[in-house]
Amino acid sequence: MKINSAKFVKGIIGSDDILTDGLPQVAFVGRSNVGKSSVINSLAGVDGLVKTGKKPGKTTEINFFLINRQFYFVDLPGYGYAKLSPTEREKARKRMLWYLTESEARPLVVLILDIKAGLTEFDGQMLELVEEEKLECIVVVNKVDKVNQKEISRQVASIKENPAVKEVIPCSAFTKQGIEPVLEVIANSLDIER
Ligand code: GDP
């Protein structure tokens, strides 16, 4: 799939018409610092679409980006953000849970992991939630430029041991390795013509 246009639409903090406007949503989740913003920018082919290394206070909204005028990339608040105050962290967590379990969004979920950290406890909880909600989910393991092929294979195999994991795609927002395969999986899943 080729992305020809990507633009920020809005950040929401609760119910909003955009959730049910009929366009499919691809929601990105992950621990903070896994490179979620960088991966979204690489997929969209637009540097700076999502600000990387965001300040804590800016991370609790649910941000919508319109892609190819066909579907949305939805940047959910990151979790496990050590720098957020407990109140802000709770706000971000609740908002993300609300979007996935109570809003009518029904997104395709892209869980982003860090190749060095693998599947953490937080991520495991996220997978359980996604499974409970019967949402489709793909796992993208970022920062593979940091390790060798052997380590990539070992980590991918270890992540696949979790029965809730179906598809794992290694990638690097830095080298762009794996970015095209992620787009293809998204396009297939949304059944978008290419
Ligand atoms: P977010 O908090 O998950 O949105 O993460 P960011 O996109 O802001 O990235 C967090 C840090 O990881 C930044 O220092 C990025 O430069 C770095 N980073 C992101 N993607 C990659 C990658 O593919 N490879 C490497 N080596 N570093 C990355």
Checklist entry - With a 4.5 Å limit on heavy-atom distance, are the side chains of W98 and S15 in contact? => result yes

Checklist entry - Out of curiosity, E102 CD to E133 CD, how far, rounded to the nearest 0.5 Å? => result 9.0 Å

Checklist entry - Distance-only, no hydrogens or angles: does the K36 side chain make a donor-acceptor pair with backbone N or O of N33 under 3.5 Å? => result no

Item to check | Shared hydrophobic cluster for F174 and I179 (ILVMFWY, side-chain gaps under 4.5 Å) | outcome: no

Checklist entry - Could you state the interatomic distance from NZ (K94) to CD1 (I13), rounded to the nearest 0.5 Å? => result 14.5 Å

Checklist entry - Counting N and O atoms only, with roles assigned by atom type, does the side chain of N162 sit under 3.5 Å from a partner on the main chain of I159, one being a donor and the other an acceptor? => result no

Checklist entry - Hey, does V140 have a side-chain heavy atom less than 4.5 Å from the side chain of V185? => result no

Checklist entry - For L97, does its backbone N or O pair with a side-chain atom of T101 as donor and acceptor, under 3.5 Å? => result yes

Next on the checklist: Please find the pair of heavy atoms, one from S172 and one from N142, that lie closest to each other, and give the distance.
Outcome noted: CA-OD1, 3.5 Å

Item to check | Distance-minimising heavy-atom pair for E151 and N148 | outcome: N-OD1, 2.9 Å

Checklist entry - Hey, are the side chains of E61 and D75 touching, using non-hydrogen atoms and a 4.5 Å cut-off? => result no

Checklist entry - Between C137 and V130, what is the shortest heavy-atom contact and its length? => result CB-CG1, 3.5 Å

Item to check | Side-chain touch L111/I138, heavy atoms, less than 4.5 angstrom | outcome: no

Checklist entry - side chain to side chain contact (heavy atoms under 4.5 Å, CB included) between C171 and V39: does it pass, once the steps are laid out? => result CA-CA 9 Å; C171 89; V39 169; 4.3 Å; yes

Next on the checklist: To the nearest 0.5 Å, what is the distance between CG on L43 and CG on L183?
Outcome noted: 5.0 Å

Item to check | Heavy-atom check, side chain of L23 versus side chain of Q70, under 4.5 Å | outcome: no

Checklist entry - Taking the side chain from N68 and the backbone from S5, do they hold a donor-acceptor pair closer than 3.5 Å? => result yes

Checklist entry - So do the side chains of V156 and P170 get within less than 4.5 Å of each other, counting heavy atoms only? => result yes

Next on the checklist: For a quick check under 3.5 Å, do N41 and S38 share a side-chain donor-acceptor pair by atom type?
Outcome noted: no

Item to check | Donor-acceptor pair, side chain of E131 and main chain of A164, under 3.5 angstrom | outcome: no

Item to check | Shortest non-hydrogen separation from M1 to E180 and the atoms involved | outcome: N-OE2, 3.4 Å

Next on the checklist: Is it true that, when you exclude D21 itself, more than 12 heavy atoms of the residues, nucleotides or ligands shown sit nearer than 6.0 Å to its CG?
Outcome noted: yes

Checklist outcome for this item: Rounded to the nearest 0.5 Å, the CD atom of E136 sits from the CZ atom of R106 at a distance of 10.5 Å

Item to check | Residue pair R31, T120: steps toward the side chain to side chain contact (heavy atoms under 4.5 Å, CB included) verdict | outcome: CA-CA 9 Å; R31 272 183 323 114; T120 68; 3.6 Å; yes

Next on the checklist: Using the rule given for side chain to side chain contact (heavy atoms under 4.5 Å, CB included), can you reason through V26 versus V74, listing the C-alpha separation, both sets of side-chain angles and the distance that settles it, and then say yes or no?
Outcome noted: CA-CA 6 Å; V26 183; V74 182; over 6 Å; no

Item to check | From CA spacing to verdict: side chain to side chain contact (heavy atoms under 4.5 Å, CB included), L100, L76 | outcome: CA-CA 10 Å; L100 292 172; L76 293 180; 4.1 Å; yes

Checklist entry - Given F28, which of F64, Y99, F73 fulfils the ring-ring contact (aromatic ring centres under 6.0 Å, His included) condition? => result F73

Item to check | Least distance between heavy atoms, Q25 atom then L19 atom | outcome: NE2-O, 3.0 Å

Next on the checklist: For the CG atom on D47, are there more than 12 heavy atoms of other groups (residues, nucleotides or ligands in this structure) within a distance under 6.0 Å?
Outcome noted: no

Next on the checklist: For the CD1 atom of I169 and the CD atom of E184, what is their distance to the nearest 0.5 Å?
Outcome noted: 10.0 Å

Checklist entry - Among side-chain atoms of K91 and T60, is any donor-acceptor pair under 3.5 angstrom? => result no

Next on the checklist: Is any side-chain heavy atom of K116 closer than 4.5 Å to one of K143?
Outcome noted: no

Item to check | Non-hydrogen side-chain atoms of L113 and V34 separated by less than 4.5 Å | outcome: no

Checklist entry - How many angstroms lie between atom CD1 of I62 and atom CD1 of I12, to the nearest 0.5 angstrom? => result 5.0 Å

Next on the checklist: Assess the residue pair F65 and Y72 against the criterion (ring pair (Phe, Tyr, Trp, His ring centres under 6.0 Å)); give the C-alpha distance rounded to whole Å, side-chain angles, the decisive distance to 0.1 Å, and a yes or no.
Outcome noted: CA-CA 5 Å; F65 301 87; Y72 295 113; 9.7 Å; no

Item to check | Heavy-atom pair of closest approach, residues S37 and K51 | outcome: OG-O, 3.6 Å

